[in-house]
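Have a look at the structure below before the remarks.
To find a chain, count down the sequence lines: A is the first, B the second, and so on, and within it residues start at 1. Values in this document were obtained by computation on a predicted structure and should not be read as measured data.
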Protein chains: 2
Amino acid sequence: MKKIKPILALLRNVKSRTFQPGEVLITEGSSNKELFFIRKGLVRCFYINSTADEITFQLFPESNIVLNFHTLLFDEPSKFVYVAYEPTKAYSIDYDFLMKLTYENAKFLELNRSFIGKRAIKQAFMRIESLVFLTPEERYIKYLQDYPNIVNRAPDKYIANVLGITPVSLSRIRNRMANRKR
Amino acid sequence: MKKIKPILALLRNVKSRTFQPGEVLITEGSSNKELFFIRKGLVRCFYINSTADEITFQLFPESNIVLNFHTLLFDEPSKFVYVAYEPTKAYSIDYDFLMKLTYENAKFLELNRSFIGKRAIKQAFMRIESLVFLTPEERYIKYLQDYPNIVNRAPDKYIANVLGITPVSLSRIRNRMANRKR
DNA sequence: ATTCTTTATTAACAATTGTTAATCTGCGTT
DNA sequence: AACGCAGATTAACAATTGTTAATAAAGAAT
């Protein structure tokens, strides 16, 4: 049986998808194994705690990779909900399919490692450094640098959650920064 | 040219190494690409900040993977020092060699993904969840659960750093917990 | 334009943390 | 046994954060 050229196989299995604000990419409890590359828009990933409050875990603007890491890394159903906050365009591909391609073709291993693995993992490690070494204010400043103008796209309460502080505290940090500047 | 059986190639390239307390596995500025599997002992990874203080980033007891993630993920020299705190025995293997094996043999991909990748990355994501969702006290309790009896092996000041708080604050947390229990 | 709803800001207070320094404790050395 | 040293605890104070609630501002809906 003749093998299909892997690049063609890849392209055939990439889906182009759009999500309206509020539309769910991955729901809580799901074992979705899709990988989403966000071309345009903004996706929010949040956790629902014991008092039914939503705590935003991460925001994914353009060129970020959205993946259900509970399933892909822990083989567990997702504890998070991934939902579009802005109108969003993404490419998606099944992770298992991508792995299959990777098995069959060494060139894809490099692609996979450098593009998908590295990106999400690099973000994760940088975030740990940020949380361990920096104060909340320093984290906020760094976040603004890493995600320029996200502050104009997402509510502060989401950003506060991502930084691991309360919205009230973020508001005070902004206040202090503004006063210092003047 | 006949291919060597990959399992044999792997075994031939695994080094068994021992480190005395204070001995360095990976030094700051190095681009070491070794992977260490800690069989016995305890390795400490720390950062030297602008005032020449050592801030412990992570502790690696038995069955943990030690790797220079600045180099392996960012292609940058290590910002951290990895040093044995207890007498330590480890297996080590060159990461590039392991990748080469992985390229050549699909079975190793699974090994690599599940064993090496997953473990370090899983830890990373769980640590982010811990830092974002939990208070310092909750983080300490969780750390004790995840690393039982590490509190008897490593100084509190190291553990405080790992949790992202000061040693003084950790001492107070312990005090509060003890008072509550009685 | 007006209402309704959500978000952001501010205030007030309790709790926690950071910081610095003093004290205490345990450990190894001499 | 006496000493010195590093780590842990405690104290004191300033700064920050969490919490709750009230107010203000901004958007969305009618």
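Between the CE atom of A/Met177 and the P atom of D/dT16 there is a distance of 13 Å, rounded to whole Å. In this structure, CG of A/Leu131 is placed 16 Å from P of C/dT17, rounded to the nearest angstrom. Summarising the geometry, the separation between CZ on A/Arg176 and P on C/dT9 is reported as 13 Å, rounded to the nearest angstrom. Between B/Glu137 atom CD and C/dA15 atom P the separation is 14 Å, expressed in whole Å. One atom, CG of A/Leu134, and another, P of D/dT17, lie 13 Å apart when rounded to the nearest Å. Residue B/Leu170 contributes atom CG, which lies 14 Å from atom C1' of C/dT16 at whole-angstrom precision. Taking atom CG of B/Asn49 as the reference point, atom P of C/dG18 lies 15 Å away to the nearest angstrom. Between the OH atom of A/Tyr140 and the C1' atom of C/dA8 there is a distance of 12 Å, given to the nearest Å.
For the pair A/Arg174 and C/dA8, the criterion of a side-chain N or O lying under 4.0 Å from OP1 or OP2 is not met. Phosphate contact (OP1/OP2 of C/dT9, side-chain N/O of A/Arg172, threshold under 4.0 Å): absent. At C/dT16, none of the side-chain N or O atoms of B/Arg139 fall inside 4.0 Å of OP1 or OP2 (strictly under the cut-off). Residue A/Asn175 places no side-chain N or O under 4.0 Å from the OP1 or OP2 atom of C/dT9.
Listed by residue number, A/Pro155, A/Asp156, A/Lys157 are the residues of residues 141-166 of chain A with a heavy-atom contact under 4.0 Å to DNA chain C.
Residue A/Ser171 is classed as a base contact, given a heavy-atom separation below 4.0 Å to a base. Across all strands shown, B/Pro167 has no heavy atoms under 4.0 Å from either base or sugar-phosphate atoms.
Atom CD1 of residue A/Ile26 and atom CG of residue A/Asn68 lie 5.0 Å apart, to the nearest 0.5 angstrom.
Figure legend: A/Arg39 and A/Tyr91 shown as a cation-pi pair, the cationic atom lying under 6.0 angstrom from the six-membered ring centre and within 45 degrees of its axis.
Screening A/Asn64, A/Val66, A/Ile65 for a side-chain contact (heavy atoms from CB on, under 4.5 Å) with A/Phe36, the sole residue that qualifies is A/Val66. Each of A/Phe60, A/Tyr85, A/Phe46 was checked for a ring-ring contact (aromatic ring centres under 6.0 Å, His included) with A/Tyr158, and the lone residue meeting it is A/Tyr85.
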So A/Arg153 and A/Glu86, salt bridge (charged side-chain N to carboxylate O under 4.0 Å, His left out) or not? Walk me through it. CA-CA 8 Å; A/Arg153 294 167 65 183; A/Glu86 295 177 358; 2.8 Å; yes
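Of the possible donor and acceptor atoms, none in the side chain of B/Asn175 sits under 3.5 Å from a partner among the backbone N and O of B/Ser171.
Nearest heavy atom pair, residue B/Ile173 against residue B/Pro136, reads CD1-CB, 3.9 Å.
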